Amino acid sequence: MTIIEVENLHKRYGEHVAVDDVSFSVDKGEIFGILGPNGAGKTTSVECIEGLRQPDGGTVRVFGLDPARDRTALTQRLGAQLQESALQEKLKVAEAIDLYSSFYENPADGDELIELLGLASKRDTQYRKLSGGQKQRLSIALALVGNPEIAVLDELTTGLDPQARRDTWALIESVRDRGVSIVLVTHFMDEAERLCDRLALIDRGRVVAIDTPDGLVQQVGGEQKIRFRPSSRLDESVLAAVPGVSSVTWDGDYLVVAGAGDVVPLVVTALNNAQVAPIDMRVDQANLEDAFVALTGWQFDAADQQKDQG
Amino acid sequence: MSTTTAQHTASKIRYPSILTKVTAVESKLLLRDPATIFFGLIFPTLLLVGLGSLMPDFREADPDLGGLRPVDVYAPVALTLAIVTVAIAILPAYLAAYRAEGVLRRLATTPAPPSVLLNAQLIVNMVILVIGSAVAIAAALLVLDVERPGNIGGSLVAFAAGTVACFSVGLLISALAKNGKAANAIGMSTYFPLLFFAGVWTPGDTMPSGVRAIADFTPTGAAVEALSEAWIHGGWPSALHLAVLVAWAVVVGFIAARTFRWE
C-alpha cells in the first residue's frame with residue numbers, strides 16, 4: 001500500500017532551484033532511503049512531505065492528505081526528526097517527552113520510549129547538557145512520541161560516533177519492526193546500504209534511480225574484483241577463460257580478476273585445477289558508492305563526509 | 001468531505017489545552033533562569049526600596065516637586081521599569097533564540113502550531129510583570145508610605161497601554177534579531193535609552209525640559225507620564241500620552257507581525 005506519493009515535485013528559493021523534478025512513492029512498512037550528496041535537494045523534498053514547505057510545482061500526498069493544507073491531520077500520523085532543530089535549553093528530557101506527547105491523540109508510552117532510546121539515566125538532564133548523540137536520540141524519541149505511522153528522519157546519524165551510529169541503526173530497525181514506515185534522508189552510503197529496503201538516489205534536484213540497494217548495484221553491472229598473489233606461476237588465459245570473467249590484470253605481484261555472477265567459486269575452482277593457491281585473497285563487491293558514481297558521474301565526496309562526521 | 005473528517009480528528013486536542021501545557025512548561029523554564037527571577041520579579045522593588053531607604057533626601061518633601069517626595073514621583077518610574085525590563089530585556093532573547101535554534105521549527109512538525117510558544121511566552125512574561133509590579137506597588141505603599149493611586153482605573157489604563165506599547169517594541173526586536181545573542185544586544189541598547197526616558201536617572205520634573213519633550217513621544221516616557229497623572233494627581237492619562245502609547249503598540253506591533261519569521 002502506497003502511503004506517500006510525490007509527483008514531479010519542484011521547489012525553488014528565489015533563483016535557486018532546490019528541487020527540480022522529484023517523483024517517488026513510499027510503501028507501508030518499508031524503510032525508504034533518500035540518498036544524495038549535500039545540496040541535492042533531499043531535505044527540501046522531505047520538508048514538503050512534512051508540510052513545512054509549500055511546493056512550487058507537482059503534488060505531494062501523504063495518506064492522501066496534502067501536507068501543506070492538512071497539517072493538523074497529518075502531524076497526528078507523521079513524526080519528524082529535523083536536521084537542524086533544538087529544544088528549549090533548560091527543558092529536561094522527561095519534560096520534553098511529556099510536553100510533546102500532550103500534543104497527540106494517541107501518544108506512545110513516554111517511559112518506554114525513554115528506555116528504548118537509552119535515555120533513562122538522563123531523564124532529569126536539561127537539553128543543553130546532553131551530548132550530541134543524546135540530543136539526537138531525544139530527537140528520535142520526539143519523532144516517535146505521537147505513535148506515528150510514518151517517521152521521517154533527516155540525517156539521523158550525522159555527528160554521532162561509530163558506536164552510536166550502529167546503535168541508532170539497530171534502533172531504527174526495531175522501530176520498523178513495530179510497524180512504522182520510515183523515510184530516511186542520508187548522505188552516508190553505508191547507512192543507506194544497511195538500512196534501506198528501497199532508496200531514491202537524488203542528485204542536483206532530480207531522481208537518478210530508485211531501486212533496492214542491491215538492485216542499484218546490479219544496475220551498474222555489479223562486478224566483483226578478486227585480488228590475490230598466485231602461489232606459483234600461472235597462465236592468465238586459464239582465468240580469462242572462466243565464464244563471467246571480464247578482465248584479468250596484474251597489479252605488481254597481485255593478479256586482479258574482475259567479473260560478474262558466480263565468478264568467485266568458478267575462479268577458485270580454476271585455480272585449484274591449475275594447482276595454484278590464491279594467497280592473501282580478497283574479494284571486493286561493487287557497492288552503492290560505485291553505483292552512485294556510475295549513475296551520477298560524480299565522485300562521492302569522502303572529504304565532505306568526514307567534515308560532516310566531525 | 002475528507003477535510004471535514006481531518007478537522008474533526010484534529011479537534012480532539014484543542015488549542016487551549018495545548019496552550020495551557022506549553023505555558024506551564026515555559027513558566028517552569030523561565031523560573032530556571034535566575035536572571036529572569038531577579039530582573040523580572042525583584043529588580044523594580046529593589047530599586048524603589050533601595051533608593052527610598054538609602055538616598056538621604058528621597059523621603060523628604062521637595063518644593064521642586066510641588067511638595068511631593070522623590071520616592072512618590074519614583075513609584076510610577078519603577079512600574080515602567082518593570083514593564084520595560086520584561087518586554088525588552090527578557091522576552092526578545094527567548095523568542096529570537098527559539099526561532100534561531102529551531103525550537104519553533106521543531107514544533108511545526110507536531111500538531112501544536114509554533115504560535116503556541118509565542119503566546120505562551122507572552123502570557124508567562126505578562127504574569128511575571130504583574131507579579132513583579134504588584135510587589136513593587138505593595139512595597140511603595142507599605143514600606144515607603146506612598147499614597148494609594150488617586151485614580152485606580154486611570155492607573156490600570158496607563159499600565160496596560162504602556163505594557164502593550166513596550167511589548168510591541170520587544171516583539172519587533174525578536175523579529176529583527178538573528179538569534180538570542182543579537183536580541184540581547186539590540187535589547188540592551190534599547191533598554192537603557194528607554195530607562196533614561198522613563199526618568200530612572202532624572203525622575204519627574206527633574207528631567208530637563210528639552211529631554212522631556214522627546215520623552216513624551218517614547219513608550220516609556222509616555223507611560224511614566226500617564227501613570228503619574230493617574231496615580232499621583234488622581235486624574236486620567238492625557239490624550240497625548242495615551243495616543244503615543246497606542247501608536248507605538250499599533251505601528252510597531254504591525255511591523256513586528258509583518259517581519260516576524262517562524263524560522
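Quick note on labels: first sequence line is chain A, next is B, and so on, each numbered from 1. The model shown is predicted, which means the values in this text are computed figures rather than measured ones.
By the neighbour-count criterion of 12 heavy atoms within 6.0 Å, atom CD of A:E84 is sparsely surrounded, having that number or fewer from other residues, nucleotides or ligands. More than 12 non-hydrogen atoms from other residues, nucleotides or ligands lie less than 6.0 angstrom from OH of B:Y15.
For A:E50, the side-chain hydrogen bond (donor to acceptor under 3.5 Å, both in side chains) criterion is met by no residue, not counting sequence neighbours.
For a residue to count as touching a neighbouring chain, one of its non-hydrogen atoms must lie under 4.5 Å from one of that chain's; by this rule A:L82 touches chain B with the side chain only. B:V116 does not touch chain A: none of its heavy atoms, backbone or side chain, sits under 4.5 Å away. Contacts between A:Y104 and chain B at a heavy-atom distance below 4.5 Å involve backbone atoms as well as side-chain atoms. With a threshold of 4.5 angstrom between heavy atoms, A:L78 approaches chain B through N, CA, C or O but not through any side-chain atom.
Listed by sequence position, B:Y98, B:E101, B:G102, B:V103, B:R105, B:R106, B:L107, B:A108, B:T109, B:T110, B:P111, B:A112 are the residues of residues 91-112 of chain B in contact with chain A, using a 4.5 angstrom heavy-atom cutoff. Residue-level contacts of residues 182-199 of chain B with chain A do not occur; threshold 4.5 Å between heavy atoms.
Taking chain B as the reference chain and counting heavy-atom pairs below 4.5 Å, the highest number among A:L91, A:L99, A:L87, A:D66 is found for A:L99.
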*Walk me through it: do B:V25 and A:E95 pass the test side chain to side chain contact (heavy atoms under 4.5 Å, CB included)?*
CA-CA 8 Å; B:V25 168; A:E95 289 171 345; 5.7 Å; no

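Contact of the B:R32 side chain with the A:K92 side chain is registered, since non-hydrogen atoms from C-beta on lie closer than 4.5 Å.
Note: A:D98 CG to B:K21 NZ = 3.5 Å, rounded to the nearest 0.5 Å.
Within the structure, ring-ring contact (aromatic ring centres under 6.0 Å, His included) pairs that include any residue of residues 67-98 of chain A do not occur (at least two apart or interchain).
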